[in-house]
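What follows is a set of notes on a single structure, which appears directly below.
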Amino acid sequence: MTSAPDRPQIRPAIADLPAYVPGKPPAARDGVPTYKLSSNENPFPPLAGILEAATDAAGAMNRYPDMGCTALYARLSEHLGVPVTHLAAGTGSVAVLYHLLQAFCEAGDEVVYAWRSFEAYPIAVAVTGATSVQVPLDAEARHDLGAMAAAITDRTKVVIVCTPNNPTGPAVGRTELQEFLAKVPSHVVVVVDEAYREFVRIEDPVDAVDLYRDRDNVAVMRTFAKAYGLAGFRVGYVIAPEPIASAVRACALPFGVSSVAQAAAVASLEREKELLERVETLVVERGRVVEALREQGWDVPDPQGNFVWLKLGDRTVEFAAAADEAGVMVRPFAGDGARISIGDPKGNDIFLSVAARFVR
């Protein structure tokens, strides 16, 4: 007879979870301006109309939020041309991913995704008890979709495509994604993570919402955190066929998206033109930063998000420390590289000065 343990037992999958590392915030220093380029945040402050909508909603903080996200779903339905029943919101698109994986995965299942990619993926997969199948990026830091298709087995339940890829930057083209989807078995859910889609400027861009319309297994994740500047309010959503969206809603925490977040998201959609003008400003600044890096001698992967990637290998931690000393916080991935968000031009210039000292 096996004796009972003498203390509560944590599931092995949870005990072994890798830690999610947030972008380091800047510390105030006397006489030294500091800039946070470590979290892919939109550097612009909120537009007046959006701030007013959030402030008004905060006046009812004694009431629970609308659990059905009625106004948000109605506006998204109109905006995207999709049925309300094909929408599911959560506290950021990462929460939506957690809910989706909980709905479809359990111990013994597999989830295929590129690596390196968004560091929350292995955590979200492990929480379900499923196994991550990480497919290396190609030499240009892009998704190797052929290898990802080959990695699908009878145990695969979900495949994740992050485009543009966080943290390396390249985006998947529409034609290559269509070819990939044709190779994926119809019972495997394909999650297309488009957190940075508004920043993409390639010849054959993906609009995964168009691709999902004729497929029963495609789910499109989007967020208000990046282009719309609502990172602090945590609201993301998925567009998917009704059975998938319904399963995501079933797994979501009750009242997960706050009233303030819902109001700000609706107001952001009403002011999308102004917000996308800001995105264009960031894209232009991204181009300036990339041109400067390449003139320095860096081989920068094609950046299609609001960030750039430097492959630094064993110099990554040293580079992050040097940037920190100069007043710029970047996001290091030890032994691999560093992701640097596009922010205030003054902060970007400090980053470029540090990069010039490290280029080989």
Side-chain angles (χ1 to χ4, degrees), residues 42 46-100 103 189 191-198 206-279:
N42 190 320
L47 292 170
I50 298 171
L51 183 58
E52 291 166 2
T55 302
D56 290 345
M61 67 176 68
N62 58 309
R63 303 295 184 184
Y64 284 109
D66 174 11
M67 184 172 163
C69 299
T70 307
L72 177 58
Y73 286 167
R75 188 64 186 87
L76 282 171
S77 174
E78 177 186 5
H79 183 69
L80 298 168
V82 302
V84 167
T85 55
H86 288 209
L87 297 167
T91 52
S93 57
V94 67
V96 174
L97 177 65
Y98 270 65
H99 303 328
L100 186 147
V189 179
V191 176
V192 185
D193 186 347
E194 291 191 310
Y196 302 91
R197 69 173 301 272
E198 293 86 358
V206 169
D207 181 346
V209 171
D210 280 346
L211 299 182
Y212 110 99
R213 297 184 193 278
D214 299 323
R215 294 174 172 84
D216 294 331
N217 66 330
V218 173
V220 185
M221 292 201 315
R222 293 186 177 175
T223 181
F224 285 93
K226 312 303 180 184
Y228 293 89
L230 301 184
F233 284 165
R234 311 306 303 127
V235 54
Y237 58 99
V238 67
I239 309 107
E242 196 279 333
I244 297 176
S246 177
V248 172
R249 293 194 300 270
C251 292
L253 294 174
F255 308 108
V257 184
S258 73
S259 299
V260 176
Q262 292 183 45
V266 171
S268 295
L269 289 170
E270 299 296 339
R271 292 159 178 79
E272 186 180 60
K273 181 176 182 296
E274 297 167 84
L275 291 169
L276 293 183
E277 288 172 355
R278 291 178 163 189
V279 167

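- With hydrogens and angles disregarded, no donor-acceptor distance shorter than 3.5 Å links the side chain of Tyr237 to the backbone of Tyr73.
- Residues Leu275 and Ile50 form a side-chain contact, since some pair of their non-hydrogen atoms from C-beta on lies under 4.5 Å apart.
- Contact check for Val94 versus Arg234: side-chain heavy atoms found under the 4.5 Å cut-off.
- Although no hydrogens or angles enter the test, the distance criterion places no donor-acceptor pair under 3.5 Å between the side chain of Glu198 and the main chain of Val279.
- Side-chain contact between Phe224 and Leu72 is present, with heavy atoms from C-beta onward closer than 4.5 Å.
- Scanning both residues, Gly49 and Ala267, for their nearest heavy atoms gives O-CB, 4.4 Å.
- Considering every non-hydrogen atom in both Val189 and Ala219, the closest pair reads CG1-CB, 4.4 Å.
- Closest approach of Val248 and Ala88 over heavy atoms only: CG1-CB, 3.7 Å.
- Two residues are said to be in side-chain contact when any heavy atoms from C-beta on lie closer than 4.5 Å; Thr91 and Val235 fail this criterion.
- The side chain to side chain contact (heavy atoms under 4.5 Å, CB included) test applied to Ser259 returns Pro65, not counting sequence neighbours.
- Shown here for Leu80 and Arg213, the closest heavy-atom pair between the two residues is O-NH2, 2.9 Å.
- Side chains of Phe233 and Gln262 form no contact here, defined as non-hydrogen atoms less than 4.5 Å apart.
- Salt bridge annotation for Glu274-Arg278: absent, with no cationic side-chain nitrogen under 4.0 angstrom from a carboxylate oxygen.
- More than 12 heavy atoms of other shown residues, nucleotides or ligands fall within 6.0 angstrom of atom CZ in Phe255.
- Of all the heavy atoms in Arg75 and Leu269, the pair that sits closest is CG-CD1, 3.6 Å.
- With a 4.5 Å cut-off on side-chain heavy atoms, Val191 and Leu100 count as touching.
- The neighbour count for Asp216 CG, taken as heavy atoms of other residues, nucleotides or ligands under 6.0 Å away, does not exceed 12.
- Applying the side chain to side chain contact (heavy atoms under 4.5 Å, CB included) rule to Arg197 yields the partners Glu194, Asp207, Arg222; only residues at least two apart in sequence or on another chain are considered.
- The closest side-chain heavy-atom distance from Val209 to Val82 is below 4.5 Å.
- Between the side chain of Arg249 and the main chain of Thr85, a donor-acceptor pair closer than 3.5 Å is present.
- Minimum heavy-atom separation, Ala57 to Ala263: CB-CB, 3.7 Å.
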